[in-house]
Every structure is written in structure tokens, then in C-alpha cells.
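Structure record follows, encoded as C-alpha cells.
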Amino acid sequence: MAEERTRVGIIGAGPAGLLLSHLLHRAGVESVVLEARTRDHVEHRQRAGVVEHGVARILRAAGAGARMDRAGAVHHGIELRFDGRSHRVDFAGLCGRDVVLYAQTEIVKDLIAHRLADGGDVRFAAAATAIEGIEGERPRIRYGTAAGEQVLACDFVVACDGFHGIGRPSIPAERVRHFEKSYPFGWLGILADVPPSATELIYARHERGFALHSQRGPRVSRLYLQVGNDDHVGNWPDDRIWAELAARFALRDGGWELATGPITDKAVTPMRSFVCEPMRHGRLLLAGDAAHIVPPTGAKGLNLAMHDAALLAEALASWHATGDHTLVDGYSDTALRRVWRAEHFSSWMTGLLHRDPNGSAFDRRVQSAHLEFIASSRSASAQLAENYTGLPYV
Ligand code: APR
Ligand code: PHB
């Protein structure tokens, strides 16, 4: 079997793998991206859509932010709803930053278009089956295509292959430690052909459970409902979804109505917090969901994946240019500092807004008191604003 060679072998064409390949190209480092699914599949799966201030800057600096700046919407705050009342968290006033609402799936489309226009090597329907030799200097990826099994030899392998990929399990179990937290609920997410009922995102905490109102441009709404973690879409006919959303967003004195329309996508997502330490073993590096998962309440999954990619691009470019391994050696520690900040914020935001089915009436009163504190204290809401828009360190 002929063995191909590249500098960096990247598994997975999600935001982490694609941004890494794009940034490496700009730094003059060759890479190959192997993606198990088709281009059509990765360009159409529904994911989150909040881009932190600093991540928007990374995309712009990499020449990949033009469509985001045209089609995305800059958001200067979010609304919290609880106990039938509304409180706005003013990001601009509290921390001077903002976020861009632009769907992850659009970022993926933009990055694929850039890679292909630049002559990049992104192979779809190419599923990695094994990663070999990571403790040596010439790791190899085995992968399957319609033409049969192929081998790609590299200087480094970067697994950007999501939580269920082969990257993380390729590290010997005794060399890594996993940290995990599960939640007794999930999210039912829908996409609907109806103009958003609010200009900013609404995070609602209600006795019946959490709800989130988001948007995909001026004509499409994206909404979520907290559901049981063994629930499934079959239990949720459209009428039930709209009635439940309306109940959870309702304001005590009325004055707000949720517009409804045809639902075009419906899925239940489990909630999990997970971190793998370290994010590297030998010549195998992990990035994005392959190394860490956050519950979606803080909108951090996409942003962490993009930060990992930016750090790795810098580290691998420095190694390529000078042979200096310092940044590659520091990658895991540097990335994990931000990861743990986001893990804290995401589980904190989740606890603040969800109904814990095992919680007591006492817990629910404490939760109300906490929300009340955020609504009445500048320093408490500033902490939320700083974390949500993305802390600038690293
Ligand atoms: N071979 C090739 N590709 C693979 C393999 C494999 N063996 N296993 C998984 N993949 C691909 C998946 O098909 C997917 O396209 O890896 C890609 C991983 O992409 P993402 O799941 O988007 O992960 P990442 O780039 O880390 O982005 C994280 O995605 O899940 C959301 O909330 C998460 O927003 C966050 C973002
Ligand atoms: C989304 O728009 O899909 C979205 C927004 C904010 C979140 C999660 C998802 O916290």
C-alpha cells in the first residue's frame, strides 16, 4: 500500500479541524483533513451559534470573517427571565465586549470554502480507523475510503474528531485522566420558519424547566426546552413544543408573545461536562470536543474548539519554522486553563437556570435568590457578562 505523507494529519472537519488546517496553511504548514462524513452532512448539521468576541477576532484576522460580519448579528446583551420577570444583562456596559450570533454550521461552510479555494486537502467520506506510532516521530493514520484502506504518515496527528472519535481512545488509558459530570436532563432543540420573537437571546428559568430563545437570521428561530434525559422527539409533537415554550417564556404581566411557525428540525441533545487531561500524548494532540465537552447553556463548545485550533496552529507553525517544541509542549496546559474556566461557567449557568428533578423546594428558592442577586448586583452580572463574551486571557 502506498503511504502518503503530510506535515499535520487532522482527523475531523468540524470547526476545530477546519480552522486548524486554514491557519496552518496561512503559516505555510501543509496539512490533510480526513472527515468520516460527506461535505453535505457536515455543512447541514444543526449546532450552536454564539461566537465570542475573541473568536470573532481570530476568524477576521485569518481572513475568514467576511460572511460572519455580513450575515451574523452583533449582540450586546442577553435577557434572563425568571419568576415571570425579565432582566437584561448588558454586555457592552458591564464589560465592553459583545458576541456575534452566527451559526456554527455557517462557520463550517465558510472554512470549507476557504480551504478548497486555497487548494487545501480536505477529504470527505474518509473515516480514520487507527492512529499508530504516536510515541515515535512518524505517526500514521489509517483511514478507509470507497477506494479501500489508505495510510497517511505525518509529523503530528491532531484529533479534532469530536467526543465519539478515535483520537482520545488512542492514548493509553494509564496516561490520561478523565473528569466527568452528567446532568439529569437534556435539551430538545428546534429550528422553525418564524421570525424571532425577540432581538436578543432569552435564557428562561421556569418551574417547569429551562427554555432558550435564539435565532438564525431575521426569518428563522432556534429554540430549546429542557427535557428529561431519556426523552425523545417522538414525545414532542409540534403543538406540545409551542405550548411548553409559551408557558416557560411567559411574563407575569403579559406583554410578550411567542410567534409560532413550521418546525423544520427537531433533536434531543444530552448534557454532559467532560475533560481529558492532558490533551496530548507524544505526537497525538487533541482539540475541541475530542478533549472536552460543556453543556450548551454557556455557548462555549464552539468557542473552546476554535481556541484550541488557534493555539495549536501557532504551536505547530513555530515547531515547523524553527524546530522549537516549546509551544507544542505547553499546548495542553495552556488550553486547559481556558477549558476549566469554561467548564466552571457552563456548569454554573446550567445550575442557575435548569430545574433539577432531584432538587428540593429549598434548592429552588436558593436558585431564585441567585438570579435575583445577578439582576440587582452590577458585579454579579458583570461576572456573567465577562464569562459569556469570553475572558480575554491566553
Ligand atoms: N474519522 C474522520 N472523521 C471523524 C471520525 C473519524 N474516525 N470521527 C469523527 N469524525 C468527524 C465527525 O464526523 C465530525 O465532522 O469529526 C468531526 C468533529 O467535529 P465536531 O463534532 O464539530 O467537533 P469540533 O470541531 O471539536 O467542534 C466542537 O461542535 O459538537 C459541537 O458543541 C460542540 O460547538 C462544539 C463544536
Ligand atoms: C444557539 O443559538 O443555538 C444557542 C445559543 C446559545 C446557547 C446555546 C445555543 O447557549
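Each ligand, and each atom within it, is numbered from 1 in the order the structure gives.
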What orientation do [X] and [Y] show, parallel under 30°, tilted 30 to 60°, or perpendicular over 60°?
X      : Y      : result
Tyr388 : Phe345 : perpendicular
Trp340 : Phe179 : perpendicular
Trp348 : His370 : perpendicular

Set out, in order, the CA-CA distance, both residues' side-chain angles and the distance that settles side-chain hydrogen bond (donor to acceptor under 3.5 Å, both in side chains) for His53 and Asp98, then state yes or no.
CA-CA 6 Å; His53 194 80; Asp98 47 38; 3.0 Å; yes
Short N or O contacts of ligand 1 with protein, under 3.5 Å, listed by atom name?
| unit_1 | atom_1 | unit_2 | atom_2 | d |
| --- | --- | --- | --- | --- |
| ligand 1 | 1 (N) | Ala128 | N | 2.9 |
| ligand 1 | 3 (N) | Ala36 | N | 3.0 |
| ligand 1 | 7 (N) | Ala128 | O | 3.0 |
| ligand 1 | 13 (O) | Glu35 | OE2 | 2.6 |
| ligand 1 | 15 (O) | Glu35 | OE1 | 2.6 |
| ligand 1 | 15 (O) | Glu35 | OE2 | 3.1 |
| ligand 1 | 15 (O) | Arg45 | NH1 | 3.2 |
| ligand 1 | 15 (O) | Arg45 | NH2 | 2.6 |
| ligand 1 | 21 (O) | Arg47 | NH1 | 3.4 |
| ligand 1 | 22 (O) | Arg47 | NH1 | 2.9 |
| ligand 1 | 25 (O) | Pro15 | N | 3.3 |
| ligand 1 | 25 (O) | Ala16 | N | 3.0 |
| ligand 1 | 26 (O) | Asp289 | N | 2.8 |
| ligand 1 | 29 (O) | Arg47 | NH1 | 3.0 |
| ligand 1 | 29 (O) | Gln104 | NE2 | 3.0 |
| ligand 1 | 30 (O) | Arg47 | NH1 | 3.1 |
| ligand 1 | 30 (O) | Asp289 | OD2 | 2.8 |
| ligand 1 | 34 (O) | Gln104 | OE1 | 2.6 |
| ligand 1 | 34 (O) | Leu302 | N | 2.9 |

Can Arg70 be said to sit on top of Tyr102's aromatic six-ring, NZ or CZ under 6.0 Å from centre and within 45° of the ring axis?
no
Within 6.0 angstrom of Arg208 CZ, more than 12 heavy atoms from elsewhere
no
Spell out, as yes or no, whether a donor-acceptor pair under 3.5 Å connects the side chain of [X] to the backbone of [Y].
X      : Y      : result
Arg240 : Asn235 : yes
Asp161 : Gly12  : no
Thr6   : Gly9   : no

What are the distances between nitrogen or oxygen atoms of ligand 2 and protein nitrogen or oxygen atoms, counting only those under 3.5 Å?
| unit_1 | atom_1 | unit_2 | atom_2 | d |
| --- | --- | --- | --- | --- |
| ligand 2 | 2 (O) | Ser214 | OG | 2.6 |
| ligand 2 | 2 (O) | Arg216 | NH1 | 2.9 |
| ligand 2 | 2 (O) | Arg216 | NH2 | 3.3 |
| ligand 2 | 3 (O) | Arg216 | NH2 | 2.7 |
| ligand 2 | 3 (O) | Tyr224 | OH | 2.6 |
| ligand 2 | 10 (O) | Tyr203 | OH | 2.7 |
| ligand 2 | 10 (O) | Pro296 | O | 2.8 |
| ligand 2 | 10 (O) | Thr297 | O | 3.2 |

